[in-house]
There are 2 protein chains.
Amino acid sequence: MPKITFFNLPEDKRENLVHAAKKEFARVPLNQASISNIIKDAKIPRGSFYQYFDDKEDAFFYLLNSHVSAYKMHFLETLRKNNGDIFDAMIDFYTAIITEEKENLQFLRNLFLNMTHRIETVMARSFSENDLNENFRKIGNLINKEKLNVMDEQELFHMMQIISSVTFHNIVKKFAGELPFEAAVTNYRTEIYLLKKGFLSQ
Amino acid sequence: MPKITFFNLPEDKRENLVHAAKKEFARVPLNQASISNIIKDAKIPRGSFYQYFDDKEDAFFYLLNSHVSAYKMHFLETLRKNNGDIFDAMIDFYTAIITEEKENLQFLRNLFLNMTHRIETVMARSFSENDLNENFRKIGNLINKEKLNVMDEQELFHMMQIISSVTFHNIVKKFAGELPFEAAVTNYRTEIYLLKKGFLSQ
DNA sequence: ATTTTATATGACAACGTGTCACATGTCAAT
DNA sequence: ATTGACATGTGACACGTTGTCATATAAAAT
């Protein structure tokens, strides 16, 4: 978490700094990003940066968290729009992510191509966590379970885990530049379809 | 790839260096590993390191590749032992990975908790690739497709993609230390079971 | 023996990080 | 207005790491 000083900053100065950080993390992934670049771009002295953040990662995770919050809202909305159909919602969501604009796109690209467990934990707070916690419940309640082949909360939880694994992986593949947009969506649709019908014939 | 000089090295000196590198990459993940530590441990001058490798990553991926080759063989064997039952084979394989010994375990831990796309690409060469390539065919041929709810090679490929996503994710969770051994296996079994039966009721 | 080629070595420049002593600003109390 | 207390700004600096390069040494070829 950024220090209090950061939040006490006059808005324009704070936004300026945030913008410089965003730019650097859009340029290269976390491990290659340099504080030097950020302060050079934001035109603040080195010491000031440390007045606001503990270190590079602190700044990165601050940005990441705001991204995640936005996507979380977006996802809940998408789920509602699709009347609780988790599969259609995921497809919408997937499409939205890989259709981001310029700067966000580069940020996301660096993010997904360098997805450490620590980052994943923050990301996944959106819709799955270690325990069946609040976020999971919120989403769980929105999901239409009528046609779902699910016995209990446990199974639902694991289904969400699977869907999230598969989605993450598809996003990564897309960002790896291995596929054009249409092919990426088709592939994802296929995998969702396979998840629905199951791997064993009845 | 290491340079020719590396392979021309007398065996003991080479193994010494490899061991030092292994030790460093078991200590910390790639991005935190330092060449300084490796050469200090291997007792070779700095210049020599660059005679053998391009950089840190070169050394890392050399080690990774040998790991992967070993696991690849192991996996094919496991698949045969299970008479082509991909699900049982995966469960065996999963169990084997999370049951590794000391140094390997730490190496794998750092690996999976910091799985970049580049690393994943190397790892996944074992049993899935962009195209339906040789490795995929080799495994595809070993898989018993009798009871598999699969229409064509395409679907089989995507099933493998899904299984691999889910497996990766389960390994990461285990290494994140969130679960004791038994719970980890149970969870993985549950997810494989869910994949088999499908998410929609017929 | 002499030349050519391969390998070894460590000092060095360039760069990035986090800290710290000191400068400056803010504001309430007197 | 002046003071003092506290918050914030600043940049030089020590430290660690990386990759290179000129030079030394060894090995092979002629």
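Here is the naming used below: chain letters follow the sequence lines, and residue numbers restart at 1 for every chain.
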Run Asn114(A) and His117(B) through side chain to side chain contact (heavy atoms under 4.5 Å, CB included) and show every step you take.
CA-CA 6 Å; Asn114(A) 298 273; His117(B) 174 255; over 6 Å; no
[X] versus [Y], closest heavy-atom pair with distance:
{"X": "Arg27(B)", "Y": "Asn110(B)", "answer": "C-ND2, 3.7 Å"}
{"X": "Leu108(A)", "Y": "Phe175(A)", "answer": "CB-CZ, 3.8 Å"}
{"X": "Ile44(B)", "Y": "Lys13(B)", "answer": "CG2-CE, 4.3 Å"}

In whole angstrom, what separates [X]'s [atom1] from [N]'s [atom2]?
{"X": "Glu57(A)", "N": "dT17(C)", "atom1": "CD", "atom2": "C1'", "answer": "13 Å"}
{"X": "Ile44(B)", "N": "dG10(C)", "atom1": "CD1", "atom2": "P", "answer": "11 Å"}
{"X": "Gln51(A)", "N": "dA21(C)", "atom1": "CD", "atom2": "C1'", "answer": "13 Å"}
{"X": "Ile4(B)", "N": "dT5(C)", "atom1": "CD1", "atom2": "P", "answer": "15 Å"}

Nucleotides bounding contact with chain A, strand DNA chain D, heavy-atom threshold 4.0 Å
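Listed 5' to 3', the contact boundaries are dT8(D) to dG11(D).
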Does the plane of the ring in [X] sit parallel, tilted or perpendicular to the ring in [Y]? Use 30° and 60° as the thresholds.
{"X": "Phe53(B)", "Y": "Phe49(B)", "value": "tilted"}
{"X": "Tyr62(A)", "Y": "Phe6(A)", "value": "perpendicular"}
{"X": "Phe136(B)", "Y": "Phe157(B)", "value": "perpendicular"}

Comparing Pro45(B) and Tyr50(A) on DNA chain C - which has the more 5′ nearest nucleotide:
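Comparing both residues, the 5'-ward one is Pro45(B).
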If you assign each of Thr5(B) and Arg46(B) to its closest nucleotide in DNA chain C, which residue comes earlier from the 5' end?
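So the residue in question is Thr5(B).
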Contact residues, residues 6-19 of chain A to DNA chain D [heavy atom, < 4.0 Å]
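Under 4.0 Å from DNA chain D: Asn8(A), Leu9(A), Lys13(A).
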Using a 4.0 Å heavy-atom cut-off across all strands, classify Phe53(B) as base, sugar-phosphate, or nothing.
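Counting heavy atoms under 4.0 Å across all strands, no contact is made by Phe53(B).
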Select base, sugar-phosphate, or nothing to describe what Phe49(B) touches, counting heavy atoms under 4.0 Å on all strands.
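Since no nucleic acid heavy atom lies under 4.0 Å of Phe49(B), the category is nothing.
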Please check if any side-chain donor atom of Tyr188(B) sits under 3.5 Å from a side-chain acceptor atom of Thr167(B), or the reverse.
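Their side chains do contain a donor-acceptor pair, which is all the 3.5 Å distance test asks for.
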Stepwise, does the salt bridge (Lys or Arg N to Asp or Glu O under 4.0 Å) test hold for Lys197(B) with Glu155(A)?
CA-CA 12 Å; Lys197(B) 81 168 180 178; Glu155(A) 287 201 2; 3.0 Å; yes
Contact under 4.0 Å: Ser48(B) side-chain N or O vs dA8(C) OP1/OP2
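No.
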